[in-house]
Amino acid sequence: MYTVTGLVPDAEYQFRIIAQNDIGESEASPSSEPVVYKPSQPGEIEITSIFKDSITLEWERPESDGGKEILGYWVEYRQSGESTWKKCNKERIKDRQFTVGGLLEATEYEFRVFAENQTGLSRPRRTAMAVKTKLTCKSLHLYESILKNSVVISWKPPEDDGGAMITNYIIEKREAKEGAEWQLVSSSISGTTCRIVNLTENAGYYFRVFAQNTYGISEALEVSSVVVMKPPFGQPGQPVASAITKDSCVVSWKPPASDGGAKIRTYYLEKREKKQNKWISVTTDEIRETVYSVKDLIEGLEYEFRVKCENLGGESEWSEVSQPVIPKSDVPIQAPHFKEELRNLNVKFQANATFVCKVTGHPKPIVKWYRQGKEILPDGEKIKIQEFKGGYHQLVITNVTDDDATVYQVRATNQGGSVSGTASLDVEEFLHRHSIGHFDIKPDNIIYFTRRSSVVKIVEFGQARQLKPGDSFRLQFTSPEYYAPEVHHHDLVSTATDMHRRYYQTLVKKEWNTVVSVARISCGGAIRTQKGITVAKVKVAPIDIGPIAGQIKHTVTEEGGHAKYVCRIENYDQSTQVTWYFGMRQLESSEKYEIKYEEGVATMYVKDVSKSDDGTYRCKVVNDYGEDSSYAELFVKGVREISEHYRCRTVRKVKRRVDTMRLLERPPEFTLPLYNRTAYIGENVRFGVTITVHPEPRLTWFKSGQKIKPGDDDKKYTFESDKATRESLLSYEHYAASEEKITAAEEKSLEERTVHKAFKSTLPATILTKPRSITVSEGETARFSCDADGEPAPVITWFRAGQPIVSSRRFQVTRTQYKSTFEIPSVQMSDEGSYTVVVENSEGRQEAHFTLTIQRTKIPAKTITSPPTIKSPEPHVKSPDEIQTFLYHACKNLKMFHNFYKHELNPHNFSSV
């Protein structure tokens, strides 16, 4: 055997053998068959087309086929930077052209091609350089309103910019008619929104957008259908008339299914007598709500109603005509009133949130629900609106997410007026559902799932803690700017302390190259440079409600068997104690009973069950905040049957004993929170908050994370406090520098209002603290207060019997920017009755009703007795000084006598002396 070397690649060879000895060489053997080689590598690869998810390749034939026919070609690819090649085709291709599909947008790829004959595969031919797929702008959709001659379009930027920043977008339009060509609208759009003007009313158009960077222009993305220059919002729902009296009714309707992207500015409501053609507007005022009280109807006539709406794009079509109504019943009108008001909710992620209120009024009020000022319409799945007997109304939001966490409002309206209530919905995060607080959430610990994903995950849990009320632990940190004030001040911490409960955003200042936590700043913290590790010792805050014993399953067993009972406890802490009872007898751990309690789970085993063990078992849970019990039955076969128990049982209510003083305790709540202030240099700035809480809170003011202590600088800071209204005020004088920003941290996260106001410069007028109905005695002072919110600042007006109340000798009205008080010194019986406060600005109006009840002062009856008979002294002449002294004392005694008997004696019955 011999190995031949030095052969030329891709050449064809034949071989023969010659034998040689001392005499000479033999004749050559017959030549071998031609040796077939693998084909040479294919020719140069050319890229013929590039799209966002595909690239088409073409290549030349190999210079040598290796002596055998080329059977086909194989194409492979890989992303730039990767080492593994992947096959593009499952079967050999005979054409020298191939389109590689399924590629990622704006991504670089490398390709190589193999030729194959009977011998095998050739060496590959690779592309000279990486090839990048194109990028496109995704999700082009109509965004704002379609007006009569203009439209606003918006699109989402590409998920990947192709390795270079998007420099601009190119917008083109084309009329929807034959032969029309694309026309340039603009090639210098830097954002993702463009308003296209000078369009023809009722004409149809197509629009498309390109993205451009330093590498070139992306593919165009067009709107999916023709856009007609006509406002697309539909007509309102058919009006419904209710609460009918002899001269009025309440008309309500549903808003249009689509507002065309522009807020509905007003509604127009018209009426007509049935069988008449003339429609008459019911009011010249703007109607902003979807309910209106129509008055001045004529008893006995039959009326119909219709409604239309208007926004920036124009007016909608008229709605369907309502069913006819006849004003005929005469019922006393009573304004709507909340018997049970809405309450703030804190629910778990993907649980159900239910807002409930009870409304009274006559005629029956029309109740509507709103979310951030927009009416909520039920869809039967996510949103359900229900009404029950007794005036109960409820809004159910199923499978809540973070998007549902906002402020909700309910409004009830009839001919007597309207009343509204608000409540907030807070959604717990996953960690908080398991009582876990994460105190080290910062940019270093947050990453994306993939390079192109918008979903983030937390990768560092070193400072996460299981929160058990009363526990103390230490936190080590090197980035103090990402920790809440509670940690810095060694205060109580809870799930509200970690950054999950805060709007975590970052601001990147390129010129500073510094990352600043907005959540940290909004809570009053300052960014300070600290070297090394800081240790904070904190304590977990207690919960404010008693323990809840979970349901225990009944058990059925035979004699000699065993029974297991498990009770899961909510709101447990270190002071929680568990006791088991059989009937009235307390059970202890023994050979008969095995009792365990650990981390909120109470377990009991009953061993070697006998007939005497049949009966009721009780798990009693007690801690510092109250107690609760749960019951379960043990059915021993042959003694009781479980089916008989359920047929014959009677339900007994078990009273739960709680610490009443603990029930009154609540965490501090700011009914009037802080607001940002803007001032000129030299002006005074005044911050104020209002707190309603028991027990009395301790209030601390912060500036840039540092406490402001009374007495430190009395010339600069002035503190005021009104314990009656729980109002605290801070006046900041001599505003020092134009670039200095004043912030004060409540002991509660303030970023919700900060972020909200940053994106919305106007807010409808809203009542934050409603005046309470009170009862006072005749002659006492009655005081009412109202806190409000709104941008611009609302006007607060007090009314009685429809007439505004102004300051006078009888009434005292004081107003600040967001608060007003109303006092009646020395009330009289004529002051008793109903009052109204109205809060109004250019964005909306809200009112609240309250009553003043006066108790007449009762003076005990006195028995009038005749004065004793006094013997007259002998008359003698008195001096003038003696007479003057006598008259002074006589007048004084007569006045005292009159005041004492003024309710029993009528002074007109006495004649003057």
Side-chain angles (χ1 to χ4, degrees), residues 141-154 173 175-176 193 195-205 207 223 225-242 249-274 276-297 303-325 366 368 370-377 411 413 418 762 764 841-845:
H141 60 281
L142 295 178
Y143 178 64
E144 298 254 340
S145 60
I146 301 177
L147 307 180
K148 294 180 180 180
N149 54 6
S150 66
V151 65
V152 177
I153 62 172
S154 177
K173 67 178 180 179
E175 285 194 62
T193 301
R195 182 163 189 167
I196 304 171
V197 298
N198 298 327
L199 303 177
T200 304
E201 185 177 356
N202 295 323
Y205 289 89
F207 304 98
V223 291
S225 60
V226 64
V227 179
V228 179
M229 292 299 101
K230 183 179 180 181
F233 67 95
Q235 60 189 27
Q238 182 182 21
V240 177
S242 59
C249 68
V250 175
V251 180
S252 61
W253 58 91
K254 292 183 178 180
S258 172
D259 57 11
K263 182 179 178 181
I264 293 177
R265 188 164 55 190
T266 187
Y267 289 95
Y268 299 97
L269 180 62
E270 293 185 347
K271 66 180 179 181
R272 74 174 179 185
E273 297 178 22
K274 192 176 181 183
Q276 299 291 327
N277 295 326
K278 185 178 180 181
W279 288 93
I280 302 174
S281 178
V282 300
T283 180
T284 57
D285 297 332
E286 287 189 348
I287 303 176
R288 298 181 180 270
E289 307 296 337
T290 56
V291 60
Y292 189 78
S293 178
V294 181
K295 300 180 180 179
D296 299 327
L297 301 179
Y303 288 92
E304 295 175 329
F305 300 92
R306 68 177 185 180
V307 64
K308 69 177 179 180
C309 57
E310 180 185 10
N311 68 0
L312 291 175
E315 298 179 356
S316 71
E317 301 292 335
W318 286 102
S319 68
E320 296 182 29
V321 178
S322 69
Q323 296 295 324
V325 295
I366 302 297
K368 291 182 177 287
Y370 299 86
R371 182 182 188 271
Q372 295 180 343
K374 188 173 182 180
E375 184 177 351
I376 300 174
L377 299 179
R411 181 173 298 145
T413 305
S418 65
T762 60
N841 66 5
S842 59
E843 298 300 313
R845 180 180 186 272

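The first residue of the sequence shown is numbered 1, and numbering continues consecutively from there.
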Practice problem: Mind checking salt bridge (charged side-chain N to carboxylate O under 4.0 Å, His left out) for Lys271 and listing every partner two or more places apart, or none if nothing turns up? | Solution: none
Quiz item: Residues two or more places apart in sequence or in another chain: which of them pass salt bridge (charged side-chain N to carboxylate O under 4.0 Å, His left out) with Lys274?
Solution: Glu302
Quiz prompt | Straight-line distance of Leu269 CG to Ser322 OG, nearest 0.5 Å | solution = 8.5 Å
Practice problem: Would you please name every residue forming a salt bridge (charged side-chain N to carboxylate O under 4.0 Å, His left out) with Arg371, sequence neighbours left out? | Solution: none
Quiz item: Any side-chain heavy atom of Val151 sitting closer than 4.5 Å to one from Phe207?
Solution: yes
Self-check item: Least distance between heavy atoms, Gln238 atom then Val321 atom
Solution: NE2-O, 2.7 Å
Practice problem: Drop me the distance from Glu315's CD to Arg265's CZ, to the nearest 0.5 angstrom. | Solution: 9.0 Å
Practice problem: Please confirm whether the backbone N or O of Val307 pairs with a side-chain atom of Ser319, one donor and one acceptor, at under 3.5 Å? | Solution: yes
Quiz item: Donor-acceptor pair, Ser293 side chain versus Val250 backbone, under 3.5 Å?
Solution: no
Quiz item: At what distance, to the nearest 0.5 angstrom, does CD1 of Ile153 lie from CD1 of Ile196?
Solution: 4.0 Å
Practice problem: Please examine the side chains of Asn198 and Ser150, heavy atoms only from C-beta on, and report whether any two atoms are closer than 4.5 Å. | Solution: no
Self-check item: Set of side chain to side chain donor-acceptor pair (under 3.5 Å) partners for Arg306, sequence neighbours left out
Solution: Glu270
Quiz item: Atom CH2 in Trp318, atom NZ in Lys308: separation rounded to 0.5 Å?
Solution: 4.5 Å
Practice problem: Tell me, please, which residues at least two apart from Arg272 pass salt bridge (charged side-chain N to carboxylate O under 4.0 Å, His left out). | Solution: Glu304
Quiz item: Between Ile366 and Ser252, which heavy-atom pair has the shortest distance, and what is it?
Solution: CG2-CB, 3.9 Å
Self-check item: Nearest heavy atoms of Asp285 and Thr283, plus distance in Å
Solution: N-OG1, 3.1 Å
Quiz item: Are any of the side-chain heavy atoms of Ser316 and Pro236 separated by less than 4.5 Å?
Solution: yes
Quiz prompt | Distance, nearest 0.5 Å, that separates CZ of Arg195 from OG of Ser154 | solution = 14.0 Å
Quiz item: Partners of Val325 by side chain to side chain contact (heavy atoms under 4.5 Å, CB included), sequence neighbours excluded?
Solution: Ala241, Ile244, Tyr303, Phe305
Quiz item: Sequence neighbours excluded, which residues qualify as side chain to side chain contact (heavy atoms under 4.5 Å, CB included) partners of Thr290?
Solution: Trp253, Pro255, Tyr267, Lys368, Tyr370, Glu375
Practice problem: Please name all residues satisfying side chain to side chain contact (heavy atoms under 4.5 Å, CB included) with Lys374, sequence neighbours left out, ordered by chain then number. | Solution: Asp259
Quiz item: Just how far is it from atom OH of Tyr205 to atom OG1 of Thr200, taken to the nearest 0.5 Å?
Solution: 3.5 Å
Quiz item: Crowded around Lys173 NZ? As in, over 12 foreign heavy atoms under 6.0 Å?
Solution: yes
Quiz prompt | Which residues share a side chain to side chain contact (heavy atoms under 4.5 Å, CB included) with Ser842, sequence neighbours left out | solution = Pro792
